Structures are given as structure tokens and as C-alpha cells.
Amino acid sequence: MTRPAFRINPALDPEALAREFARAGRVHIPDFLVAEDAERLLDHLKAAEEEWRLVINAGEKLFELDRKTQGEMDEGQREALDQAVNAQARAGFQFR
């Protein structure tokens, strides 16, 4: 029998989580995954760290910055990027 990639913690109380979500409009779920699977996921993400990219939208356009490009940015460039992202978020849809 094949084990699912990542198992949800069976000790979670879905009804209590649903009530919290209904009350607050969001919910934080500690220990969402079974501990063993959470560790495997963490190991996987660490191993793939160099492949991660920063993706930012600017209107309809998408920009992807790899680790090398991000590392080559000076403090002024990073600050200008932060300001542009924050300005877009105040006026419309934005993700980073």
C-alpha cells in the first residue's frame, strides 16, 4: 500500500477549526501535518532551496527573480522593489 505524500494530523478538530474560521475569517493550524511528514516536507524544501524564485506581479506582467539575481541587487534596488510592491498592494492586487 502506498502512503500519501503528506498526511494531515488526525488529532485536529475540523469542527473547532471551522468555528474559528467562521469567527475570525482566518485560522492558524499548528501541527497541520503528521510530524514525520512535516519533517520530510522540510527536508525536501531545504534541498530545493536554490531552485526557489521570487515571483512578483506588476499589473498583468510577472517577474521572476532567481537567487543569483536577488543576490546581485544592492540595498537601494531591494528598497525600490519593496516600495513598488507595497504601492501596488495599496491600490490593487499584488503578490510576492
Side-chain angles (χ1 to χ4, degrees):
M1 180 173 162
T2 303
R3 175 175 76 182
F6 301 107
R7 296 166 291 168
I8 295 174
N9 183 348
L12 295 174
D13 182 349
E15 290 80 19
L17 294 169
R19 284 191 301 275
E20 177 61 17
F21 181 75
R23 183 192 69 74
R26 62 189 176 98
V27 64
H28 173 83
I29 308 174
D31 301 320
F32 178 74
L33 296 175
V34 170
E36 170 189 351
D37 294 348
E39 287 295 326
R40 284 191 308 110
L41 177 58
L42 178 61
D43 291 344
H44 173 76
L45 293 173
K46 283 181 177 178
E49 188 173 346
E50 289 301 315
E51 298 171 19
W52 286 63
R53 297 176 180 273
L54 175 63
V55 180
I56 303 169
N57 74 303
E60 297 293 318
K61 295 181 182 177
L62 293 179
F63 296 92
E64 291 188 24
L65 304 174
D66 61 19
R67 290 280 215 195
K68 182 177 183 289
T69 302
Q70 292 175 63
E72 293 171 348
M73 293 173 68
D74 64 36
E75 187 60 36
Q77 291 170 316
R78 280 192 285 277
E79 187 173 316
L81 180 60
D82 287 343
Q83 290 176 0
V85 168
N86 291 336
Q88 176 72 25
R90 281 190 290 277
F93 176 74
Q94 179 64 49
F95 65 83
R96 180 181 220 172

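Computed from a predicted model, the values in this text were never measured in an experiment.
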Partners meeting side-chain hydrogen bond (donor to acceptor under 3.5 Å, both in side chains) with [X] (sequence neighbours left out):
| X | value |
| --- | --- |
| Q70 | none |
| D66 | T69 |
| N9 | none |
| E64 | none |

So if you build clusters from Ile, Leu, Val, Met, Phe, Trp, Tyr with side-chain heavy-atom gaps below 4.5 Å, do F6 and L42 land together?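 Each belongs to a different hydrophobic cluster.
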Taking only residues two or more places apart in sequence, or in another chain, which ones meet [X] in a salt bridge (Lys or Arg N to Asp or Glu O under 4.0 Å)?
| X | value |
| --- | --- |
| E75 | R78 |
| K68 | E72 |
| D82 | R96 |
| E60 | none |

What residues form a side chain to side chain contact (heavy atoms under 4.5 Å, CB included) with A48, not counting sequence neighbours?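 Once residues adjacent in sequence are excluded, the partners of A48 under the side chain to side chain contact (heavy atoms under 4.5 Å, CB included) criterion are E51, W52.
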N-O pairing of D43 and R40 below 4.0 Å: no
Clusters formed by hydrophobic residues whose side-chain heavy atoms approach within less than 4.5 Å: which one holds L65, and what are its other members?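 Members besides L65, by chain and number: L54, I56, M73, L81, V85.
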Quick one: hydrophobic cluster around F95, which other residues, with the 4.5 Å side-chain cut-off, linked directly or via members? V55, L62, F93
Check whether more than 12 heavy atoms from other residues, nucleotides or ligands sit under 6.0 Å from atom CZ of F21, and answer yes or no. no
Which pairs with one or both residues in residues 15-26 pass side chain to side chain donor-acceptor pair (under 3.5 Å), sequence neighbours excluded?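 Counting only pairs at least two positions apart or across chains, the side chain to side chain donor-acceptor pair (under 3.5 Å) contacts touching residues 15-26 are E20-R23.
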N86 and Q83: side chain to side chain contact (heavy atoms under 4.5 Å, CB included), yes or no, with the steps? CA-CA 5 Å; N86 291 336; Q83 290 176 0; 5.9 Å; no
Can you tell me how far NE2 of H28 sits from CG of L17, rounded to the nearest 0.5 angstrom?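 L17 atom CG to H28 atom NE2 measures 10.5 Å (nearest 0.5 Å).
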To the nearest 0.5 Å, what is the distance between CG on L33 and CG on L12? 9.0 Å
So which heavy atom on V34 is nearest to which on P10, and how close?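 Looking at all heavy atoms of both residues, the closest pair is CG2-CD, 4.0 Å.
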